[in-house]
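These notes are about the structure you will find just below.
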Amino acid sequence: MRLTFSMIYVAMIVLLSVFVVIAHRTNKRNTVSNSVAWLDAALIPPILGNLIVLISSSPVLSAIGFYTYFLGMDVVMLAMLNFTVKYCKTKNSHHCVPIAVYIALGADTLQMLLNPIFHHAFTLEEIVVEGRSYYRFIAYWGQTIHRVVDYSILLGIMAIFLLMSIKMPRVYREKYAIILVSMVVVGIWQSFYIFSRTPIDRSMIGLGVFGILIFYFAIFYRPLRLLDNLLAKMASDMPQALFFFDPNKKCIWANDPGKTLLDIREGFFDLAPQKLREIFGELEFDKENWVKHKVIGSGENVKHYILDMRSVSSDKNTRSGSFLSIRDNTSEQLLLEREKYNATHDTLTGLYNREMLFRSIHKKLKEDRDTVYYIVFVDVKNFKIVNDIFSNSFGDFTLKHIANWIRADMSPRCVYGRMGGDKFGVLIPKEEFEPDSIERSLSNYVVTDGNIEHGLFIHLGVYEVTKTDTDVSVMFDRAHLALSTIKDDYKTHIAYYDDELREKAKWNQHISTQLQHAISQKQVVPYLQPIVDDSGKVVGAEALARWNHPDRGFLSPASFIPYFEKNGLIVEVDKHMWRSACEILSRWEQIDKEMFISVNISPKDFYFMDVKEEIHNLVEEYGIEPKRLRIEITETVMMNDIDERIKILNELRSEGFIVEMDDFGSGYSSLNLLKDMPVDVLKIDMKFLGRSQDSGKAQTILRNIISLSDDLGISSLTEGVETKDQYHMLADMKCKMFQGYYFAKPMPVDQFETFIHKQAQ
């Protein structure tokens, strides 16, 4: 028997040691694992002490065993109380062992350690067990104190577990109740050993089992009833419909959303499969795992559902059932569709946006190569005026109106959208394009919202698709280019891209890439047209850009200047002309210090550089007087940022530069503009006379303009003088300077210098 119990105790010690290691490795801050490791470790000394007593036949070794047992029980009580505090902690608990317990256990330990001196706690007596000496203890009053301390702590711990078992919900009670019962059993078993005086303390087995139960319940145990209740509660509270099926595909339970969805009551779950088929069609109940998206209804009553079937397997990997979740994701789907729509459509008009328009046109042309299509660029002229005059809200209303006009005549074969701002794009089969009908529609296109009425000029640039693999943006660029042929013709609303436009576009692109090289190689040079005074003497010249192209020969200014005005390269031409003029004036310094050259300033120059700084630096670099480099501007310079432009011109004049206003009378010149512009010379265009049907009135106006400029202290210069009669007439009107073919055409610099040399002779 001693051998049997010895083996049991050894097994208990080994098992508890293993549990200590496991609990320690699973320990996490603020969890109960550490207290479990401590408790199971504390249970080892009492069992070890009894093992020593059990296998010993020596009184000294037996005494060591009993001391290990008794002192170990004090440690067990402290570890149990620490575990209880951690395991039974509640929201209002203090999570600490009372100081009184430490004092009581400390005092008990001390008095037990003094037993070898005073022999007040216990002594040993020898008995024979299984033919061998066995020593058991005889208790005295010190042992009684020891038992009172340990049993008091044990009763306190039991009271805590009893309280937890009573006040906790039923699903939580078992984990407290089982530990409580095990403590009661061990306590009774230990008491039986004390009072029965049996030689072997069999209650150590209970102590070991207690350690095993503590380890299991504190670390691994999960109450199944609790989990069942929690899962059932979670399933009931879920917003999606849930249906649980047994292995035979019979519905055994459904939550409230599920019952509402199928309109079934508790106890009628077997109707669920049929009802599901009626709503969602045939479902694959035999298939283990699947997800389906089902759409029920249409229009405003459409509903979107996500059906998710999942199987549940047992420990033996056999199917023990399945569950189906049905989630109404209508709002998510509608939001997704709205986001998708917004990503591909213009929010204001509802038409395709630029990206989607181009993508759809590319797809259409790729799929339908047999149909001849037109690309149509729709442009609203001067739309900015609508917003500026009538408000942005009326501007938005106007764009919607145009979008509806486009949409109204489109067949399913057409693709159309808003490209941005007041620009729209259309792909339409050539056979469906009706220019006469469109011209009639656009001849008097009026937009009204009931309060405001405004007429619009809408132009259509048309490009016939000849190569379907051409980039869509290039097609629209060509259609847009066709609009340049309409210009100010308000009776024409449709323009077609043709070979001439194509060649012109290619030419413009070609010369744009060659400009810098042409300037560096002196292919772009100044031609000078003489300016004479009222006595016929050449007093200056106007520098005009000419291009001697190595392949094309002499290029007319009309073949490159207008395009450079549009794309901004005119800035490079102007800077080159200014520098060339300064070089010429510097060379003329020894010939005639009064001779001047007028250079043109384009409106674009003010956007791309500091005009004043550029001209000032050139004059200083070449050491010429500012008055000899005259600044020639047109009235269009003053169309934007008028205050800033006036400031710049005044600063130039203050430095000594002469400012000339070119082409007065050729555009929309006004007396108000003349009043405000800081100019020294007024260049009057002789075309002013040629455009009038009443030459008498034209001459009267011309005479008064010259007289008015003289009264304003502004010198007058008439350009475009082609005949002797015109010259004498203008001289009689007191015009101060003249320029035109009557005197000389623009000529290269060397010819001009020869011209003035001959005149001087």
Side-chain angles (χ1 to χ4, degrees), residues 26 31 165 168-178 213 216-340:
T26 59
T31 66
S165 300
M168 293 300 289
R170 288 183 59 187
V171 293
Y172 290 99
R173 289 178 188 172
E174 62 184 29
K175 73 173 189 174
Y176 298 103
I178 292 175
L213 291 175
Y216 172 71
F217 277 99
I219 295 179
F220 291 105
Y221 174 72
R222 298 293 181 269
L224 295 179
R225 284 195 302 158
L226 170 61
L227 292 176
D228 288 343
N229 286 353
L230 287 176
L231 291 174
K233 179 65 175 174
M234 289 169 60
S236 298
D237 292 342
M238 283 184 177
Q240 59 261 46
L242 291 176
F243 302 91
F244 289 83
F245 301 89
D246 65 13
N248 298 319
K249 293 85 180 178
K250 179 181 178 181
C251 184
I252 57 176
W253 186 82
N255 64 356
D256 289 340
K259 289 184 283 188
T260 302
L261 176 65
L262 302 185
D263 191 23
I264 58 176
R265 292 176 295 156
E266 194 83 27
F268 291 88
F269 296 137
D270 55 334
L271 300 175
Q274 182 59 35
K275 293 248 185 185
L276 286 169
R277 291 188 183 96
E278 291 175 1
I279 297 175
F280 300 106
E282 193 61 36
L283 299 177
E284 300 172 296
F285 289 104
D286 293 332
K287 193 174 179 181
E288 289 193 354
N289 299 296
W290 49 262
V291 178
K292 294 183 182 294
H293 177 211
K294 294 285 187 177
V295 182
I296 308 300
S298 60
E300 295 182 357
N301 298 320
V302 69
K303 287 284 188 180
H304 295 264
Y305 294 95
I306 299 295
L307 283 70
D308 191 350
M309 174 68 85
R310 289 287 178 267
S311 63
V312 180
S313 300
S314 65
D315 295 338
K316 297 181 180 180
N317 206 27
T318 58
R319 185 173 179 178
S320 58
S322 58
F323 66 92
L324 173 67
S325 70
I326 302 178
R327 182 168 63 90
D328 183 345
N329 75 326
T330 303
S331 59
E332 298 172 22
Q333 195 66 30
L334 292 178
L335 178 61
L336 183 64
E337 291 176 0
R338 172 55 60 182
E339 290 176 350
K340 183 178 178 181

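Throughout, numbering of the chain's residues begins at 1 and tracks the sequence.
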Among Phe243, Phe244, Trp253, ring-ring contact (aromatic ring centres under 6.0 Å, His included) partner for Phe323 | Phe244

Any side-chain heavy-atom pair from Ile326 and Leu276 closer than 4.5 angstrom?
-> yes

Atom pair CG (Leu261) and CG (Leu242), whose distance is rounded to the nearest 0.5 Å = 11.0 Å

Distance-only, no hydrogens or angles: does the Asp246 side chain make a donor-acceptor pair with backbone N or O of Lys250 under 3.5 Å?
-> yes

Could you state the interatomic distance from CG (Asn329) to CG (Leu335), rounded to the nearest 0.5 Å?
-> 11.0 Å

After noting the C-alpha distance and the side-chain angles of Asp328 and Lys303, does the key distance pass the salt bridge (Lys or Arg N to Asp or Glu O under 4.0 Å) rule?
-> CA-CA 7 Å; Asp328 183 345; Lys303 287 284 188 180; 3.6 Å; yes

Rounded to the nearest 0.5 Å, what's the gap from CE on Met309 to NZ on Lys287? Could you check?
-> 11.5 Å

Ile279 side chain near Leu262 side chain, heavy-atom distance below 4.5 Å = yes

Ser331 OG to His304 NE2 distance, which is reported to the nearest 0.5 Å = 10.0 Å

If you look at every heavy atom in Asp263 and Lys275, which pair is closest and at what distance?
-> O-NZ, 3.9 Å

With no hydrogens and no angle check, is any side-chain donor or acceptor of Ser322 less than 3.5 Å from a backbone partner on Arg310?
-> no

Could you go step by step and tell me if Lys294 and Leu283 meet the side-chain contact (heavy atoms from CB on, under 4.5 Å) rule?
-> CA-CA 11 Å; Lys294 294 285 187 177; Leu283 299 177; 4.2 Å; yes

Roughly how far apart are Leu324 CG and Gln240 CD, rounded to 0.5 Å?
-> 10.5 Å

Hey, are the side chains of Pro273 and Cys251 touching, using non-hydrogen atoms and a 4.5 Å cut-off?
-> yes

So do Lys292 and Tyr305 actually touch side chain to side chain, heavy atoms under 4.5 Å?
-> no

Nearest heavy-atom pair of Arg265 and Lys259: which atoms, and what distance?
-> C-CD, 4.4 Å

